[in-house]
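Take a look at the structure below.
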Amino acid sequence: MSVDRQSIHGQWSSRFAFTLAATGSAVGLGNIWKFPYIAGENGGGAFVLVYLICILLIGIPVMMGEVLMGRRGRQSPFNSVIELCDEAGATRAWAGLGVIGVLAGTLMLSFYIVIAGWAFSYALAAGRNAFNGASAEEIGSLFKSLTDSPVRLTTWSTFVSVVTGVIVWRGVQAGLERTVRLLMPCLFALLLLLVGYAMSTDAFMQGISFLFKPDFNQLSANGALVALGHAFFTLSLASGVMMAYGSYLPKGVSIAKTCLVVAAADTIVALLAGIAIFPIVFSYGLEPNAGPELVFVTLPIAFGQMPFGWFFGTLFFVMLVFAAITSAISLLEPVVAWLIERMRMTRGQATAAASFAVWVVGLGTVFSFNIGSDVLIFSKDFFGAVDYLTANIMLPLCGLLIASFTAWIMKERATRDELDLGDSPAYEVWQFTMRYVAPAAIVVVFLKAIEVIRL
Ligand code: PHE
């Protein structure tokens with residue numbers, strides 16, 4: 001049974017356009033900034049392995065589920081779920097899934113704009129040749145002088161909010177396609193260059209074994225939860241984004257193939273970033289568990305040493321900015337689509353209202369690096385608390401609901417029709433994973449992290 005609804009917000013011109021937009025959303029700060037530092041904080045290899053397993057067993061199936069929900073519902077995430085509840089004859093309480101997701105996405109955007117601001121500021125610093133020949137200490141104090149300054153951080157986050165808002169206001173498609181098409185190959189090339197530099201250091205093998213040799217003594221239950229949460233974060237899942245983007249996807253495009261391409265590109269970028277960063281960490285005597293500053297205190301050292309480092313450095317941070325912006329716009333889109341549908345706002349009004357709210361919440365993150373670093377919520381600073389709440393609680397919870405909704409509540413006819421996997425057993429594999437494997441894994445990791453069970 002096929003349905004032929006259309007989204008009022010528009011439609012992607014092709015499968016390629018969707019793939020680009022979804023890849024643009026997935027590849028972002030999560031890959032280059034967050035993945036290396038959480039891998040470093042959680043002991044490396046075992047964490048990376050759990051993360052890869054989560055991508056494969058949970059991330060990819062959930063992404064398919066989320067995109068299919070969007071395409072069938074054809075509205076903002078919240079309203080799509082309501083539509084699908086009605087279609088399946090289920091209670092509309094499932095719309096809570098849309099609420100958790102969009103709320104998580106909006107909260108994540110509030111720190112995203114601040115970190116994207118760091119990347120902007122580093123692009124300028126690289127252009128000024130500020131990294132040239134600098135020692136690890138000098139690079140470290142460069143970073144500190146940025147994060148110590150609420151004014152500088154706020155200026156940058158304001159700038160990022162405005163840029164993101166303007167793009168979303170003009171409509172998701174205009175400009176996005178070209179940006180991502182140019183960005184991805186460039187980003188790959190620059191990461192390869194950095195991997196080349198990492199190979200020239202004497203700690204290359206040490207970095208590689210840190211990243212890929214699992215030592216399960218290094219991984220706590222909480223570390224496994226962080227890996228799970230990051231699988232959702234990095235693939236832009238459970239935050240309304242894939243559902244919103246799915247709602248603009250033309251009928252007849254293969255959801256499975258597209259999701260595989262997006263997940264593969266995303267994972268490769270993250271691993272390349274790790275391979276580039278950890279050898280530098282070890283060869284300069286830095287700490288792998290330095291936290292959110294890791295990328296910003298390692299890669300500039302490499303740029304400071306290599307010929308034309310100012311050029312490659314600028315290019316790299318400009319790429320990082322673009323990667324961050326293509327993710328930020330995707331984070332803003334679901335809430336904007338909802339405001340338009342629900343509050344009858346124009347696109348301009350909805351974007352302005354949402355951007356402003358996000359910017360205000362983002363001030364909490366700005367201050368958590370300086371004047372507000374003593375303000376603790378559950379013994380975490382504001383940024384740490386928002387990050388923990390969203391990535392480790394809201395995303396896995398919403399992912400669990402998506403898996404249950406698509407595999408148990410929606411009619412099999414509907415999901416089969418959307419996924420359109422032909423006669424292969426792929427549909428059964430997907431359904432089994434979504435029914436049993438993904439929910440069980442999420443619940444086990446959750447319970448273990450809050451120390452309810454022993455395994
Ligand atoms: N996937 C993005 C990244 O890795 C972040 C993101 C999360 C974007 C959720 C959209 C939705 O940087």
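Checking Ser80 against Gln75 by side-chain atom types alone, no donor-acceptor pair falls below 3.5 Å.
Side-chain atoms of Phe312 and Pro307, non-hydrogen and from C-beta on, never get closer than 4.5 Å to each other. Annotation: side chain of Leu400 is in contact with side chain of Val443 (closest heavy-atom distance under 4.5 Å). Counting heavy atoms from C-beta on, the side chains of Thr158 and Trp359 come closer than 4.5 Å. Under the 4.5 Å side-chain criterion, counting only non-hydrogen atoms from C-beta, Arg152 is not in contact with Val366. At a threshold of 4.5 Å between non-hydrogen side-chain atoms, the residues Ser236 and Met63 do not count as touching. For the pair Ile442 and Phe232, the minimum side-chain heavy-atom distance is below 4.5 Å. Side-chain contact check for Phe131 versus Leu299: every heavy-atom pair is 4.5 Å or farther apart. At a threshold of 4.5 Å between non-hydrogen side-chain atoms, the residues Phe278 and Leu294 count as touching.
The distance between the ring centers of Phe18 and Tyr248 does not fall below 6.0 angstrom. For Trp33 and Tyr112, the gap between ring centers reaches or exceeds 6.0 Å.
To the nearest 0.5 Å, atoms CG (Leu225) and OG (Ser220) are separated by 9.0 Å. In this structure, CG on Leu146 lies 7.5 Å from CH2 on Trp118, to the nearest 0.5 angstrom.
When all heavy atoms of Pro396 and Thr390 are compared, the closest pair comes out as CD-O, 4.3 Å. The minimum heavy-atom distance between Ala263 and Leu235, with the atom names listed, is CA-CD2, 3.8 Å.
Looking at Ser247, its side chain does come within 3.5 Å of a backbone N or O of Ala244 through a donor-acceptor pair.
Taking the charged nitrogens against the carboxylate oxygens, Asp387 and Lys34 do have a contact shorter than 4.0 Å, which makes a salt bridge. With respect to the salt-bridge test (charged N to carboxylate O, under 4.0 angstrom), the residues Arg347 and Glu333 qualify.
Classification of the Phe111-Phe383 ring pair by plane angle, with boundaries at 30° and 60°, yields perpendicular. In this structure, Phe120 and Phe159 have perpendicular ring planes: the angle between them is above 60°, well past the 30° mark. The aromatic rings of His230 and Tyr51 sit tilted relative to each other, their planes meeting at an angle between 30° and 60°.
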